[in-house]
Amino acid sequence: MEHQKSIIVLDFGGQYAHLIARRVRQCGVYSEIMDADTPAEELKNAAGIILSGGPQSVYDSESPQGDPGIFDLAIPVFGICYGLQWMVQALGGTVSPGTVKEYGKAKLQLEHTDVKVLSDLPEEMTVWMSHGDAVSALPEGFMRIGKSDDCEFAFVAQTEKDLYGVQFHPEVVHTEYGQDLIKNFVSLCNAEPWNIGSYVKNIGDAIKEEVGDRKIFMMVSGGVDSTVAFVLINKILGTDRVQGLLVDTGMMRKDEVLLVGRAFEELGIDNLRIEDASQYFLKKLVEVYEPEDKRWIIGDAFLSVQRRVSEEMGLTMDDGWMLGQGTIYPDTIETGETKNADKIKTHHNRIPEIQKMMEEGFVIEPLRDLYKDEVRELGVELGLPHDLVWRHPFPGPGLGVRILCAQSASTIEEDLDIAITHAGLPVQSVGVQGDGRSYRHAVSLFTHEQYPNEQCWNLATSIPNQSSAFNRVLMCTSHAEVPEFVFTPGYVTMKRSDLLREADALVHRIMYDAGFYADIWQFPVVLLPFGTSEGGQSIVLRPVESQEAMTANAAVIPELALKQMTKELLSLDGIDMVFQDLTHKPPGTIEWE
Ligand code: XMP
């Protein structure tokens, strides 16, 4: 959908661009992300422009640069971190390596409190800093309106042209009054109001126009996104112009197929076909060990099944059908759709075949502009039951991304100089470090309490920062001492899938009963191909708190619940060890692969 008078976030490479856009939308204005070098001409209908942070130095020759023409559009501009530095440099000021690198909390002192963007902010507030470079001289016409102990130009303004810049990150929760500041900036922009209600009103017409007299064939996974997308399309086009397909991949959660089928039945949606393709998927995954290969194969297999069923049912493009997908906004960016967002993982909705169909206009994605919490709001508007809408997000490739595959044990030479019993694990996992993808080892801590104390949580932050060998820190909840690890090569099989399904189901039951399901964004349960006996496996508990999955905090599991989970997991045939993942994102991703 075209959105006039919205606020554009130009992406200079930080993973935080999404957080900024979400914060703007929370102020009731539509916001989207575009490439840093988008020509000013294409931005002239924007109500405001925000320049995101990014990991590079503005004075490096390869660093992302915007079009300085944006400063002549008479549109308010707000630069954050790298965005501030690029603005300053583009307008004739200077940026240099800072004398002190500033990471974490700082005290911001505001001056000139009569400037509109500072309305209702206190004279002093705690802000979150993360920068090595700093502004050393301001362009003409700019003034300083805030500083910290280590940053002379922490907040600058050119009030006549409504240009503002901050060195700190107002979009993160650690910055006090960050949302108020963003709201102040938004109120300076002449933006049109936006909310999910107005979205629903407009999306109906937009979908009807895009679809024309075609019909929609849609893959449904049981997850929140595809469920909401499917119900939305059904409501807009009517059930006779829609056909759903739920493919049982053999990598679904326990009772998933049953639950989803029943939920649609209750909504009066009877156009969902359930196809058991588990043998087909698992056959394709024999001896596949690379996480990215696995994603591609699963994506391809979905497509083949979908193609076969659509031919059988006469639902092909030639017969006037389009493919519907439940892709949401962050999915389109983490795959690297804006140039400066590094590819972290390939999303299964963005494999080349789908991309080709998209270019030819055969794919419709009604949620592609929305964030997860907006999708949930929409689900409620559509009358979906609370429990379904508030289910934790679940990845499209299902348990497939949680069954860690490896052909051989991965040895780790490096040790850590820490005063706590620990061991590097014989497997690697994906992480995200410095806006890029990392593939490194996990280290586990062992204590007699078998419950993470403050020291363990601190190490979870400090180890990945200090060591280039480890990107994850775990706590062993089943063993007090380091046992001998026995590695068994493993790929995705029905046996491993069944084992993980049971493990996942019991963890979710205990979490639900202990009353902390609603506090958790997502709780992946991961199966690792090593244990303490031949063929034995390990389980990693990975509960996180998050808002958009772009960043996440490892969550605390109440002690009794953790002990109960560990005990029940160890009673499953084939599970030898249990760990809790204490790593935040970054540096660890939410999923392990
Ligand atoms: P990460 O692991 O990158 O995950 O921190 C961020 C969010 O994306 C989900 N995820 C996926 N979802 N297909 C999906 O539909 C995938 O291939 C995929 N990989 C990760 C993950 O569960 C989390 O919510």
Side-chain angles (χ1 to χ4, degrees), residues 1-4 6-9 11 15 17-22 24-25 29-35 38 194-212 214 216-221 223-237 242 244 299 302-303 306 322-339 341 343-379 381-382 389 393-396 547-550:
M1 260 199 297
E2 274 279 310
H3 294 275
Q4 298 276 325
S6 56
I7 292 185
I8 302 298
V9 178
D11 179 8
Q15 293 284 333
H18 272 293
L19 264 187
I20 302 170
R22 269 304 292 131
V24 173
R25 291 194 193 181
V29 165
Y30 189 75
S31 176
E32 66 184 297
I33 299 169
M34 294 175 79
D35 280 323
T38 304
W194 181 89
N195 61 36
I196 204 73
S198 58
Y199 182 80
V200 176
K201 250 189 240 141
N202 296 328
I203 188 83
D205 291 339
I207 288 179
K208 281 184 192 151
E209 198 183 314
E210 199 177 338
V211 177
R214 293 181 286 183
I216 308 284
F217 178 50
M218 180 138 193
M219 305 284 275
V220 177
S221 71
V224 181
D225 305 340
S226 64
T227 303
V228 171
F230 185 59
V231 175
L232 178 68
I233 296 267
N234 265 297
K235 292 229 167 180
I236 290 170
L237 298 179
V242 184
F302 264 117
L303 215 57
Q306 173 227 311
M322 297 174 79
L323 177 68
Q325 299 203 114
T327 318
I328 66 170
Y329 197 36
D331 301 338
T332 66
I333 305 279
E334 269 210 343
T335 310
E337 235 172 55
T338 58
K339 272 182 225 152
K343 186 171 102 172
I344 309 293
K345 280 170 194 165
T346 301
H347 196 275
H348 67 284
N349 286 353
R350 283 290 179 277
I351 60 172
E353 281 206 55
I354 300 264
Q355 302 264 31
K356 187 160 167 274
M357 285 172 68
M358 291 176 80
E359 280 157 26
E360 293 167 351
F362 283 111
V363 178
I364 186 158
E365 299 183 319
L367 309 180
R368 62 162 292 142
D369 292 338
L370 298 186
Y371 287 101
K372 194 80 175 192
D373 52 350
E374 293 164 345
V375 171
R376 287 184 160 138
E377 263 181 71
L378 177 56
E381 290 255 334
L382 293 171
V389 168
F394 189 65
Q547 293 197 338
E548 300 302 340
M550 301 301 295

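Hydrogens, waters and symmetry mates are skipped; everything else that's a heavy atom, side chains included, is used. We number each residue from 1, following the sequence as shown.
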* For residues Y199 and L370, report the shortest heavy-atom separation together with the two atoms involved. => CE2-CD1, 3.7 Å
* Side-chain contact test, heavy atoms from C-beta onward, threshold under 4.5 Å: evaluate it for E210 versus I207 and give yes or no. => no
* So, the side chain of D35 versus the backbone of T38: is there a donor-acceptor pair under 3.5 Å, distance only? -> no
* **Name of the residue among T327, I216, L323 meeting side-chain contact (heavy atoms from CB on, under 4.5 Å) with I364** => I216
* To do: Working to the nearest 0.5 Å, report the span between CG of L232 and CD of E381.
  => 11.0 Å
* What pair of heavy atoms forms the shortest contact from S226 to S221, and how long is it? -> OG-N, 2.9 Å
* Asked: What heavy-atom pair brings S31 and V9 nearest, and what distance separates the two atoms?
  -> OG-CG2, 3.6 Å
* F230 and K235: CA distance, side-chain angles, deciding distance, side-chain contact (heavy atoms from CB on, under 4.5 Å) verdict -> CA-CA 9 Å; F230 185 59; K235 292 229 167 180; over 6 Å; no
* To do: Working to the nearest 0.5 Å, report the span between CG of L303 and CD of E353.
  => 5.0 Å
* To do: Please tell me if the side chains of I233 and P366 come closer than 4.5 Å, counting only heavy atoms from C-beta onward.
  => yes
* Test item: Q355 and V363 side chains (from C-beta on) under 4.5 Å apart, heavy atoms -> no
* Identify the two heavy atoms, one from E365 and one from Q325, that lie closest to each other, and give their separation to 0.1 Å. => OE2-NE2, 2.9 Å
* Would you check if there is a donor-acceptor pair between the side chains of H18 and Y371 at a distance under 3.5 Å? => yes
* **Test side-chain contact (heavy atoms from CB on, under 4.5 Å) applied to I328 and R368, step by step** => CA-CA 4 Å; I328 66 170; R368 62 162 292 142; over 6 Å; no
* Asked: For I236 and K208, which heavy atoms make the closest approach, and how far apart are they?
  -> O-CE, 3.7 Å
* To do: Verify the neighbour count for atom CD of E360: are there more than 12 heavy atoms of other residues, nucleotides or ligands below 6.0 Å?
  => yes
* Contact summary for G326 and L367, nearest pair of heavy atoms -> O-CD1, 4.4 Å
* Asked: Sub-3.5 Å donor-acceptor pair from the side chain of R25 to the main-chain atoms of Y30, do we have one?
  -> no
* Asked: Going through the checks in order, is the side-chain contact (heavy atoms from CB on, under 4.5 Å) test met by D369 and E32?
  -> CA-CA 8 Å; D369 292 338; E32 66 184 297; 5.8 Å; no
* Donor-acceptor contact present, side-chain T227 to main-chain G223, <3.5 Å -> yes
* Check the pair V224, F394 against side-chain contact (heavy atoms from CB on, under 4.5 Å), reporting the backbone distance first and the verdict last. => CA-CA 8 Å; V224 181; F394 189 65; over 6 Å; no
